[in-house]
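Quick note on labels: first sequence line is chain A, next is B, and so on, each numbered from 1.
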Amino acid sequence: DDRLLTEPLRHPDFFNVKELFTLKDLFDARVHLGHKKGCRHRFMEPYIFGCRLDHDIIDLDQTMQHLQLALNFTAHVAYRGGIILFVSRKRQFCHLIESTARACGEYAHTRFWQGGLLTNAHVQFGPGARLPDLLVFLSTLNNVFEPHVAIRDAAKVNIPTVGVVDTNCNPCLITYPIPGNDDSPSAVELYCKLFRMTIIRAKDRRRQSEAVEELR
Amino acid sequence: TLRLICTTTAVQRKNVGASGPEKYTEAFIKKQIEEFNLGKRHLANMMGEDPETFTQEDIDRAIAYLFPSGLFDQQARPVMKHPTEIFPEQRKIQWGEDGRPFHFLFYTGKQSYYSLMHETYEKLLNVQKHQDQLMDEDLPLQKEKRNLAGSRWLTKIELEEMLLEKVSDDDYSRFIQLLQKLVALPCADIEEKYIQKFSKEVPVQLQKVLIEPLQYDERGVAFSTGEGKRKTASATAVVYDNGTGKITVNGIDILHYFPVLQDREQLLFPFQFLGRIGKHDMVCTVSGGGRSAQAGAIRLASAKALRSFVTEKEVEFMRQAGLLTVDPRVKERKKPGQEGPRRKFTWKKR
């Protein structure tokens, strides 16, 4: 059992997430498109490649690295049977994200976030409720263009976060930020596809390893 | 759990009340059902009855016999019922042994409501996709008008019962708006079965008052009856056709029964309105009330009786003239602290 848990941690890319996406895929899905120069957040300047006619372009090389780290992390969490919660407050993609979560066997929250969900879970859900082990943000801002409350709450309750940060978002409290576009449908569909494939891959790998251990 | 330092012990004491009512697991409920069935058979044996055909009523009678209780509150007496009736629904724990919740929207707080919204939106997308397919093939879109008059949506309380969790007014109105949006699309016939789960038939109530047909007595003369009330007086009137305009009240002619002209005018008003003064005979009985009340009661009774002799248009005229409406005015009660219903006691400055 210890072998099962420590074996994947020895390799830098145990689940081979690099092969799931290429730079061309990201470019075709318009992940590099940011907001206008006036909307730019100060902390996103390291991740921005440049500005053309007032439109910010995100550096896709950095995005590739961050995306690989984030997908690797989610794969490890899913391998160890952790609860993954997809969060987004974009109404356009609410249905898509909920269907993705259902397909993976994980959980989603694309609706109004009640204040005490993470910090007051014993009262909200009942004693003995288990909190999510990873929060995946497909859009860090809420409908009023402010940072989502869940980022701060997850930091308070020591839950790691993976989030897609656009040029107007604050990447500070997110453990694995992914600089990229969060407004285009093609970009969000690409992210959903990638997360779904990593989680399913990790879970299948876990089942295989357990079967192999049982045979011994 | 975090350990608190430099605080009072009052904070560390567990607040049992705040955690809410106990939640039951599936295994617990199953065990309770097995125990109930076993207990039922034991009880049947004790009472000397057949364990196979022991119904709930027999159980209740047996318990009332074995444990007689003089308590007034029926719910405080000993009871043996099926566990599904005792343990309220939706109190089962929502997660499995490893802690993972069963429903994918568990962390939203309102899982059944949001899953309902999710499903309804999926149906909407399906209908739109179907519509796009038909438009690509240039086929005409179906436009059969759904009968909206005879059906209504579920009320908020019915939705709460269906979902087994509280639904706020905003949430309910959003759900209804989504359903209306779905129904408004032309190809919504595909999801008819899904929509019917949330709509109910409203029985159309006919407010029409039936006008009784004319009856004929032994001499072949047509007549009809009517009843009327006014204040405390109640009257029944029988109006005969082919008459001379004679009116009898309690066996006495109206000239003797109602000496005052005003009362006689009230009696004749329905006939005068229809222009049939000399054409009908009337025999009425009246009791209760005073002089004016009895006159008003007979007027209403005769107007109701005349409906059978007259066309529908004239009935509508009578109704608009106020001949067919029951006068709702009755004597108002006296209130304490006042001399009469409205009159206050004399106010003295000093």
Side-chain angles (χ1 to χ4, degrees), chain A residues 77-78 80-89 91-136 150 153-154 156-159 185 196 199 203 206, chain B residues 1-2 11-25 28 90-129 165-168 170-171 174-175 177-178 181-182:
Chain A
V77 170
R80 295 161 94 93
I83 295 180
I84 301 179
L85 185 63
F86 288 90
V87 180
S88 163
R89 208 50 185 103
R91 240 184 94 113
Q92 274 176 298
F93 311 119
C94 148
H95 185 86
L96 171 68
I97 294 166
E98 286 182 344
S99 336
T100 321
R102 196 199 262 181
C104 302
E106 298 295 340
Y107 308 85
H109 185 111
T110 53
R111 311 283 179 167
F112 178 72
W113 181 274
Q114 278 171 323
L117 261 183
L118 292 178
T119 38
N120 205 12
H122 285 264
V123 169
Q124 289 256 327
F125 300 124
R130 189 174 147 186
L131 287 180
D133 299 306
L134 175 66
L135 288 198
V136 177
D153 280 352
K156 273 193 190 177
V157 202
N158 291 342
I159 297 176
R196 192 176 65 233
I199 292 171
K203 287 187 174 170
R206 174 64 184 242
Chain B
T1 47
L2 300 163
V11 186
Q12 287 165 3
R13 227 186 305 133
K14 207 162 79 159
N15 191 352
V16 178
S19 56
E22 255 182 53
K23 292 212 189 340
Y24 309 104
T25 45
F28 175 78
Q90 193 60 66
R91 290 287 173 231
K92 297 174 232 162
I93 296 188
Q94 304 280 337
W95 50 84
E97 273 174 15
D98 56 351
R100 289 183 78 103
F102 297 128
H103 201 268
F104 77 109
L105 289 174
F106 169 76
Y107 287 105
T108 53
K110 308 178 208 170
Q111 64 179 45
S112 1
Y113 169 73
Y114 284 131
S115 76
L116 185 73
M117 292 290 274
H118 179 81
E119 269 174 39
T120 319
Y121 192 70
E122 201 167 318
K123 303 288 178 202
L124 194 98
L125 289 176
N126 267 352
V127 169
Q128 279 176 345
K129 212 168 72 173
E165 66 181 21
K166 288 258 178 317
V167 174
S168 78
D170 278 330
D171 293 338
R174 271 184 195 263
F175 176 60
Q177 278 168 12
L178 190 62
K181 213 171 143 178
L182 176 59

Quiz prompt | Residues in residues 119-127 of chain B that sit under 4.5 Å from chain A, counting heavy atoms only | solution =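 At a heavy-atom separation under 4.5 Å, chain A is reached by B:Tyr121, B:Glu122, B:Leu125.
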
- Message: Could you walk me through whether A:Glu98 and B:Ser115 satisfy the side chain to side chain contact (heavy atoms under 4.5 Å, CB included) test, starting with their C-alpha distance in whole Å, then the side-chain angles of each, then the deciding distance to 0.1 Å, before giving a yes or no?
- Response: CA-CA 9 Å; A:Glu98 286 182 344; B:Ser115 76; over 6 Å; no

*B:Tyr107 vs A:Phe125 aromatic rings, parallel, tilted or perpendicular, using cut-offs 30° and 60°?*
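Geometry flag for A:Phe125 against B:Tyr107: perpendicular rings.
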
If you look only at distance, which donor and acceptor atoms sit under 3.5 Å apart when one is on a side chain in residues 126-134 of chain A and the other is two or more places apart or in another chain?
| unit_1 | atom_1 | unit_2 | atom_2 | d |
| --- | --- | --- | --- | --- |
| A:Arg130 | NH1 | B:Asp98 | O | 2.9 |
| A:Arg130 | NH2 | A:Gly81 | O | 3.3 |
| A:Arg130 | NH2 | A:Asp133 | OD2 | 2.8 |
| A:Asp133 | OD2 | A:Ile83 | N | 2.9 |

### Query
Quick one: side-chain hydrogen bond (donor to acceptor under 3.5 Å, both in side chains) partners of A:Arg206, sequence neighbours excluded?
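Scan of A:Arg206 (side-chain hydrogen bond (donor to acceptor under 3.5 Å, both in side chains), adjacent residues dropped) gives A:Glu210.
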
### Message
Can you tell me which of A:His95, A:Arg102, A:Gln124 forms the most heavy-atom pairs within a distance under 4.5 Å of chain B?
### Response
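Heavy-atom pair counts peak at A:His95.
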
Q. Quick one: which residues of residues 106-116 of chain A reach chain B at under 4.5 angstrom, heavy atoms only?
A.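 Contacts with chain B: A:Glu106, A:Tyr107, A:Ala108, A:His109, A:Arg111, A:Phe112, A:Gln114.
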
